[in-house]
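The structure appears below as structure tokens.
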Amino acid sequence: VTDYISAYSQGGHLFIPRLFQGFPEIKEALMSNKMQAAFMVAPMAIALRAQGVPVKIVYLGHRYGSAVVVRKDGPVKSFADLRGRIVAIPSRFSDERLIIFRALAANGMSARDVRMIEMAPPDVAGALAAGAVDAFSMGEPFPSQAEMAGFGRVLFHARQYWPDYISCVLVVRQDVIDNKPEAVQVLVDGIARSGLWLEEKERARQHREHAADFVGRYYYRQNPKLLRWALLKPIDRVKYEPLSPRRADFELIVRLMVSTGVLDRPIPFEEFVDTRFAEGAQGMTPWKYEAGDTNAE
Amino acid sequence: MRFEVRMKNEEAILTSSFEPRTSNFSRKEVIRLRRIGFGIAAWVVAVTAAHFALNVNWQVLMNDRLPEAKRKLNVAYIPVT
């Protein structure tokens, strides 16, 4: 959204977006400096930092937007019915895995009660349809894809077990933060403005419809109808505000990562988050842009 | 006998050296070959142009050529929220 709208602004494109198909490839591109910044799942960013990779989280991509989906006509009617079944997750280092652990704890179950397998996000809906997995825990638009196609049913949205749930975060290389802080601030400001634009009170629905159209066609290469479903059914299915990284949210993720065995030791918030850019973006206003406009401000 | 053979060879050499190569083709054939040649060249140019337009990210290439200070950030994303 930020890239599309900023292209109509006086300054032109704020950055260069590059489409990847998986998180491991993004990780490699970041480490080799092919990419200077990336959107990735929060636990992966924390794990990278813990392994000594010089990157920091500077902002969030969104809040909520993940769900656990089961077959509509299948035997799983409640979370307890997942006992002994296979659940697909995007990565060991993902919030979608951690949400399963939270749901397990809330339902008096343990990690041994379900079998989690890693699967590339674009494959999960097909795997559920074919019966290869009993459920998947994934970010949008894949829950919407299963719902829209008629074979999937959302068992629960992330917010049910995790208020203020976060998944996707903006990660920037430390050398870029040190040497080009103004470029990072421009990027964060643009994302903040896009978030406000997507949440703009009376116009949120229109803005989301328009965003689904151009993001689907030019960025995600997905059917705009699918993104419209993900962004509007209901309208708070994915939230784009507030996007500032909060200590409590990340400390919870670190605790869950340690307790589920994907992080050796707790690492301090300051070690993997740089809040100054989010603070710098606090006075931002939504983009002034409507579908069909030739200028954005 | 030997002499005759040599003469024949010399004749053959002379003939092949001085005859124009196109003489093996009729005018019609030459025009057809030229058309095929132009067609192949046009196809190669069209495919190359399509490749450059569709597969090469010019924004990235131009950005990589800028001085470090002026370069925009490359930001990776995947099509999932």
Side-chain angles (χ1 to χ4, degrees), chain A residues 2-3 12-23 25-27 29-30 33-41 61-66 90 96 120-122 138-143 167-168 170-173 176 179-180 183-184 186-187 191 215-216 219-222 227 230-231 237-238, chain B residues 12-81:
Chain A
T2 306
D3 181 65
H13 292 278
L14 303 180
F15 60 94
I16 297 180
R18 304 284 299 274
L19 176 66
F20 283 69
Q21 291 302 334
F23 292 118
E25 294 86 345
I26 290 184
K27 187 183 85 176
L30 254 185
N33 199 19
K34 294 271 181 205
M35 295 291 121
Q36 290 78 51
F39 285 99
M40 62 166 59
V41 276
H62 58 88
R63 284 184 185 267
Y64 306 121
S66 294
E96 284 79 6
M138 201 61 67
E140 293 292 351
F142 301 106
S167 173
C168 203
L170 177 64
V171 171
V172 180
R173 283 175 60 90
V176 177
N179 301 326
K180 298 170 83 173
V184 180
V186 165
L187 174 62
I191 295 167
V215 171
Y219 294 90
Y220 278 21
R221 317 274 159 84
Q222 287 168 345
L227 295 187
L231 289 176
R237 194 169 175 136
V238 190
Chain B
I13 290 161
L14 281 173
T15 306
S16 66
S17 303
F18 291 105
E19 259 185 25
R21 283 178 143 215
T22 51
S23 67
N24 292 332
F25 301 103
S26 69
R27 189 175 163 71
K28 256 186 171 179
E29 280 174 326
V30 169
I31 291 169
R32 195 169 67 89
L33 283 172
R34 270 191 194 155
R35 277 186 185 158
I36 291 170
F38 282 129
I40 290 170
W43 174 249
V44 169
V45 168
V47 169
T48 306
H51 166 68
F52 279 124
L54 298 171
N55 301 326
V56 177
N57 194 334
W58 291 100
Q59 202 185 4
V60 173
L61 277 184
M62 299 309 282
N63 187 56
D64 288 347
R65 286 175 166 271
L66 290 172
E68 178 71 38
K70 287 187 177 175
R71 230 175 270 171
K72 287 177 183 169
L73 301 181
N74 287 298
V75 181
Y77 70 100
I78 69 166
V80 60
T81 59

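In this structure B:Phe52 satisfies the ring-ring contact (aromatic ring centres under 6.0 Å, His included) test together with B:Trp58, sequence neighbours excluded.
For A:Glu140 and A:Ser66, the side-chain atoms include no donor-acceptor pair closer than 3.5 Å.
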Chi angles and distances behind the side chain to side chain contact (heavy atoms under 4.5 Å, CB included) call for A:Ile16, B:Leu73: CA-CA 6 Å; A:Ile16 297 180; B:Leu73 301 181; over 6 Å; no
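Annotation: maximal heavy-atom pairing with chain A below 4.5 Å, among B:Asp64, B:Val60, B:Asn63, occurs at B:Val60.
Of the charged side-chain nitrogens involved, at least one lies within less than 4.0 Å of a carboxylate oxygen, so that B:Glu68 and B:Arg71 count as a salt-bridged pair.
Residue A:Leu187 touches chain B through its side chain alone, counting heavy-atom pairs closer than 4.5 Å. Both the backbone and the side chain of A:Ala183 come within contact range of chain B, with heavy atoms under 4.5 Å apart. Heavy atoms of A:Gln21 lying under 4.5 Å from chain B belong to its backbone as well as its side chain. Interface remark: A:Phe20 contributes backbone and side-chain atoms alike to the contact with chain B (heavy atom separation under 4.5 Å).
In terms of heavy atoms, A:Phe142 sits closest to A:Gln222 at CZ-NE2, 4.0 Å.
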